[in-house]
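Below you'll find the structure, written out as structure tokens, and then a few comments.
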Amino acid sequence: QVQLVESGGGLVQVGGSLRLSCAASGRTFSAYAMGWFRQAPGKEREIVAGISWGGGSTNYADSVKGRFTISRDNAKNTVYLQMNSLKPEDTGVYYCAGYTTGVVPTTPPRYWGQGTQVTVSS
């Protein structure tokens, strides 16, 4: 059974930073692409960033390019999202997601974490 457990969310001021972590278990972590999504109040869930199985390929939503960095440590079965220069519009629940392919596909992830709240206050 695949489990994804996020941590690191919280309340931060505009311009601040947070690092989210997602610990994975239940499958061979290093074989699959991972992603981060977020959902703001009243809005649909959207992709924030994705990373391939080995970390060699990453992609980002336009709204976070240059501010967020996705990375992974396959030895620790963990994927990270470093968020800098945070803005109020970054507020939302952030979800870790696991794909069933080695690179990020266009299809939705199969596995989801429970989410962690990020609130950026002005």
Side-chain angles (χ1 to χ4, degrees):
Q1 181 178 355
V2 176
Q3 287 191 320
L4 304 175
V5 180
E6 302 99 334
S7 61
L11 174 65
V12 64
Q13 291 188 333
V14 169
S17 298
L18 280 176
R19 188 175 82 154
L20 305 183
S21 300
C22 171
S25 61
R27 66 173 183 171
T28 304
F29 177 78
S30 59
Y32 301 102
M34 298 291 294
W36 285 96
F37 287 68
R38 69 185 179 189
Q39 188 167 19
K43 295 188 177 181
E44 293 187 355
R45 192 175 298 187
E46 63 176 358
I47 188 167
V48 174
I51 187 166
S52 62
W53 65 276
S57 176
T58 58
N59 52 66
Y60 298 91
D62 288 343
S63 59
V64 307
K65 282 181 181 176
R67 300 188 298 121
F68 290 12
T69 302
I70 188 171
S71 63
R72 65 190 297 160
D73 185 338
N74 286 343
K76 295 183 178 180
N77 289 354
T78 302
V79 61
Y80 304 97
L81 184 68
Q82 178 66 45
M83 305 185 294
N84 298 329
S85 302
L86 283 162
K87 305 175 180 180
E89 51 264 43
D90 294 319
T91 293
V93 179
Y94 282 69
Y95 297 91
C96 177
Y99 295 94
T100 55
T101 54
V103 295
V104 178
T106 56
T107 51
R110 178 174 291 183
Y111 305 106
W112 295 94
Q114 81 288 352
T116 186
Q117 177 70 44
V118 172
T119 303
V120 184
S121 68
S122 55

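In the hydrophobic cluster analysis, where Ile, Leu, Val, Met, Phe, Trp and Tyr join through side-chain heavy atoms closer than 4.5 angstrom, L4 is grouped apart from V93. At a threshold of 4.5 Å between side-chain heavy atoms, the hydrophobic network of Ile, Leu, Val, Met, Phe, Trp and Tyr places V103 and I47 in two separate groups.
For the side-chain hydrogen bond (donor to acceptor under 3.5 Å, both in side chains) test, residues two or more places apart in sequence or in another chain that qualify with Y94 are R38. Looking at residues two or more places apart in sequence or on another chain, you find a side-chain contact (heavy atoms from CB on, under 4.5 Å) between K65 and Y60, D62. Partners of Q114 according to the side-chain hydrogen bond (donor to acceptor under 3.5 Å, both in side chains) rule, which considers only residues two or more places apart in sequence or in another chain, are E6. Judged as a side-chain contact (heavy atoms from CB on, under 4.5 Å), and not counting sequence neighbours, the contacts of R110 are T100. For W53, there are no side-chain contact (heavy atoms from CB on, under 4.5 Å) partners, not counting sequence neighbours.
Applying the under-4.5 Å side-chain rule to Ile, Leu, Val, Met, Phe, Trp and Tyr, the cluster around Y32 consists of that residue alone. Membership of an apolar cluster is not assigned to L11, as no side-chain contact below 4.5 Å to another ILVMFWY residue is traced. Through direct or relayed side-chain contacts under 4.5 Å between Ile, Leu, Val, Met, Phe, Trp and Tyr, V5 connects to no other residue.
Sorted by first and then second residue, the disulfide bond (SG atoms under 2.5 Å apart) pairs involving residues 37-81 (not counting sequence neighbours) form an empty list. Applying the disulfide bond (SG atoms under 2.5 Å apart) test to residues at least two apart or on different chains, none of the pairs has a partner in residues 50-88.
R72 places a side-chain N or O within donor-acceptor distance of the main-chain N or O of S52, the cut-off being under 3.5 Å.
For the atom pair M34 CE and L81 CG, the distance stands at 11.5 Å (nearest 0.5 Å). The structure places SG of C96 at 11.5 Å from OH of Y80, a figure rounded to the nearest 0.5 Å.
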Ignoring hydrogens and angles, write down the donor-acceptor pairs under 3.5 Å from the side chains of residues 115-122, residues two or more places apart or on other chains.
| unit_1 | atom_1 | unit_2 | atom_2 | d |
| --- | --- | --- | --- | --- |
| T116 | OG1 | G9 | N | 3.3 |
| Q117 | NE2 | G92 | O | 3.4 |
| Q117 | NE2 | T119 | OG1 | 3.3 |

Review item, side-chain donor-acceptor pairs of residues 13-31, under 3.5 Å, at least two apart:
| unit_1 | atom_1 | unit_2 | atom_2 | d |
| --- | --- | --- | --- | --- |
| S17 | OG | N84 | OD1 | 2.9 |
| R27 | NH1 | Y99 | O | 2.6 |
| R27 | NH2 | Y99 | O | 2.8 |

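Under the 4.5 Å side-chain criterion, counting only non-hydrogen atoms from C-beta, Y95 is not in contact with P109.
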Test V48 against M83 for side chain to side chain contact (heavy atoms under 4.5 Å, CB included), laying out the working first. CA-CA 11 Å; V48 174; M83 305 185 294; over 6 Å; no
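In E89, the CD atom is crowded: over 12 heavy atoms of neighbouring residues, nucleotides or ligands sit closer than 6.0 Å.
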